[in-house]
2 protein chains.
Amino acid sequence: MARVTIKDIARKLALSPSTVSRALHDHPDISRKTKDDVLNIARNLDYFPDTFARGLRKKHSSTIGIIVPEIRHDFFSSAISGIEEIAYSKGFTIMVCQSNEDWQREALNLRSLVANRVAGVLVSLSQTTQNIDHFSILDSQKVPAVFFDRTHKDVKHSQVIVDDFNGAKELVLYLLNKGYRSIAHVAGSDCVSVGRDRLAGYIDAHLEFGLPVDERLIISAGFREIDGRNAAKTLLAMPKRPDAIFAVNDPVAIGIYIVLKEEKIVIPDEIALAGFCNNPISALIEPSITTVQQPARLIGSTAANLLIERILHPDKEYPAVTKTLKTELIIRNSA
Amino acid sequence: MARVTIKDIARKLALSPSTVSRALHDHPDISRKTKDDVLNIARNLDYFPDTFARGLRKKHSSTIGIIVPEIRHDFFSSAISGIEEIAYSKGFTIMVCQSNEDWQREALNLRSLVANRVAGVLVSLSQTTQNIDHFSILDSQKVPAVFFDRTHKDVKHSQVIVDDFNGAKELVLYLLNKGYRSIAHVAGSDCVSVGRDRLAGYIDAHLEFGLPVDERLIISAGFREIDGRNAAKTLLAMPKRPDAIFAVNDPVAIGIYIVLKEEKIVIPDEIALAGFCNNPISALIEPSITTVQQPARLIGSTAANLLIERILHPDKEYPAVTKTLKTELIIRNSA
DNA sequence: CTGAAAGCGCTAACAT
DNA sequence: ATGTTAGCGCTTTCAG
């Protein structure tokens, strides 16, 4: 049998489609009995609304668009999971796109989401996103958005981030206090907030400790495991190797870990290693990786709640807020 | 400025909306010049089609729905990533739902996707899915679907799986040949294909080897890390402990690994351990985990291609096919 | 409390 | 090669 529409229900009950629509939405004008009748028939016929027809009228769907660099990374899959959980509980579905760290694809993803009339958008920027001009479509189309984790200084929307600066600073101070004096930083992109802020934390820790920063020890890499591998090779080729490495995130730390292991370099005795994220894998490898805990799921759910709040009250004024969640230094065996 | 519609373009060029629509879709009847004009104006005005309006007419979207047990699990996030890649390249977007291993939520997810008029659905079943009655909506609404990885014996749609039976059998034969004589199996759900087939492979390996199966060594657990932890505790409490454990998948193997480590049991000397999936983590922990390689990304992309093929040719007869991808035994240090 | 009617933006017969 | 018209299923004024 074909799809059941509101008309079918109306015909069965000798009502008008508008009454059925109202009954289905629990409109106060409709009598108890009519509502019950409609609900019953709807159930019997296995009716469900056509989101296209509804969306065409209402100008938006109950879908939340998500753009992340890579679905596979534990941080992002956890964040997506947190988003989905909230979205599901509030009757939203999620549409997921991955930019593959490519800002042009990010722009295309965004257009696609807007064309799909998503109710709002959750974004974590790609590492190649130098400016955020391609997000202007959010304003012109009045699509609410919340940026999470990887954001950009020009972002005017609400954001959910962690205190990357202090998280990194605390970690690097810990390393300095432990006696490491030649700490390399394998950095991410410096357009993207987390890359910039963690680097700033690294520098500020040195400042506060009173140790000059050796610029040569700052390697511009990226956010992926492969970037860590490459950076590790660069570092190992240096005449004077660092005695510790702070990676911008755990995937990069894992990349470094793999190369160090391959080269039979003992962690932390020869070179200490620390990351940022606290991916599950970091606790399980040996030595376990000292890192900074980032509540990925919570970041996702917080961003989702913020966005849905805005979606549900489109008229209300929502000044952009920045929610900064706490990080926690996780000391393990690698540093 | 508000959203640009096809009418706006039509007005600007003194054409009818239908001509514009046809020009936009490169209809052969439309003259080169008109097409160019339309395309130009469309670009200038930053036009993009309203997928609701289009979908309402065409009865479907260019969105592919995905239902997986948990987004976070590496296997599924990899599969989703593979799906997204193919979908993106063919102009589809993906809508992702997680059942959280709960068949009722799976049913709700499915309804939601159908209500969203997805062009097709890709499903990997939850571990609590005993029967697939709730998927009948796919038939009644004529939504094409492809099941991947976790499927069910009653599924009549196309499927993309690996040869779980032989993958498991090969692994268990390897263990038997290596001298293990008391191999426990921490099993998944036996309604779900991968659980059933891997168990069958485990049993058949014993049969072929000529060693009776000790039923007490088969623990019905689940597919999650926590299930592995619980099963490990059960196994360790046995009067006669097994000398090897074959976990239904790597997350479960990791759960067991953690408990064995906690209990200071040496792997593989006291108890050997093997999994199934080849999650990245399995190669990195020590001892590294012997497992069966499952091409997660490829499973996803294969399923996506199969589905899109069907979506693109709705009239063509597509008998359900089952694509069985190869597994590979990965021998490492844990067994 | 319910109905009639219009229209969201697009597509596809059916004209011309 | 282009225009006219109708309608997808739903919501929402406006009427009663």
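Throughout, a chain's letter reflects where its sequence line sits, starting with A, and its residues are numbered from 1.
- Counting only heavy atoms from C-beta on, B:Arg22 has its side chain closest to D:dT2 among D:dT2, C:dG9, D:dT11.
- Of the listed nucleotides (C:dC10, C:dA4, C:dC1), C:dC1 has the atom at the smallest distance from the side chain of A:Asp29.
- When the nearest nucleotides of DNA chain D are assigned to B:Val20 and A:Ala53 by heavy-atom distance, the more 5′-ward of the two goes with B:Val20.
- We find that CG of B:Leu56 is positioned 12 Å from P of C:dA12, with the value rounded to whole Å.
- Contacts of A:Ala10 with the nucleic acid, taken as non-hydrogen atoms under 4.0 Å apart, are absent.
- The side chain of A:Arg117 approaches C:dG9 more closely than any other nucleotide in the set C:dG9, D:dC10, C:dT2.
- Looking at A:Arg72 and B:Ser77, their side chains never bring a donor and an acceptor atom within 3.5 Å of each other.
- Spacing between atom CZ of A:Phe52 and atom C1' of D:dC8 amounts to 11 Å, rounded to whole angstrom units.
- No side-chain donor from either of B:Glu85 and B:Ser301 sits under 3.5 Å from a side-chain acceptor of the other.
- Taking atom CD1 on A:Ile6 and atom C1' on C:dA5, their separation rounds to 15 Å, with Å as the unit.
- Between the NZ atom of A:Lys7 and the C1' atom of C:dA4 there is a distance of 13 Å, rounded to whole Å.
- Straight-line distance from the CZ atom of B:Arg57 to the C1' atom of C:dG7: 15 Å, rounded to whole Å.
- Taking 4.0 angstrom as the limit, A:Ser31 places a side-chain polar atom (N or O) nearer than this to OP1 or OP2 of C:dT2.
- Position along DNA chain C of the nearest nucleotide to A:Thr19 versus B:Pro17 favours A:Thr19 as the more 5'-ward residue.
- A:Ala23 comes within contact range of no nucleotide atom at all, as no heavy-atom separation falls under 4.0 Å.
- Residue B:Ser21 places at least one side-chain N or O under 4.0 Å from the OP1 or OP2 atom of C:dT11.
- Figure legend: A:Arg150 and A:Phe223 shown as a cation-pi pair, the cationic atom lying under 6.0 angstrom from the six-membered ring centre and within 45 degrees of its axis.
- Side-chain N/O atoms of B:Lys58 include one lying less than 4.0 angstrom from OP1 or OP2 on C:dA12.
- For the pair B:His25 NE2 and D:dT2 P, the interatomic distance rounds to 17 Å; values are reported in whole Å.
- To the nearest angstrom, P of C:dC8 lies 18 Å from CZ of A:Arg54.
- Among the atoms of the strands shown, base atoms are found under 4.0 Å from some heavy atom of B:Ser18.
- Checking B:Leu15 against B:Lys59, the closest nucleotide of DNA chain D that is more toward the 5' end is the one next to B:Leu15.
- Contact annotation: A:Thr34 reaches the phosphate of C:dT2 (side-chain N/O to OP1 or OP2, under 4.0 Å).
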Taking it one step at a time, do B:Glu70 and A:Ser81 satisfy side chain to side chain donor-acceptor pair (under 3.5 Å)? CA-CA 8 Å; B:Glu70 292 207 48; A:Ser81 182; 5.5 Å; no

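- D:dT13 atom C1' lies 11 Å from atom NE2 of A:His27, rounded to whole Å.
- At least one side-chain nitrogen or oxygen of A:Ser16 sits closer than 4.0 Å to the OP1 or OP2 atom of C:dG3.
- The residues A:Asp50 and A:Arg54 are annotated as not salt-bridged, no charged nitrogen and carboxylate oxygen being separated by less than 4.0 angstrom.
- Heavy-atom neighbours of B:Lys35 NZ from other residues, nucleotides or ligands within 6.0 Å: above the threshold of 12.
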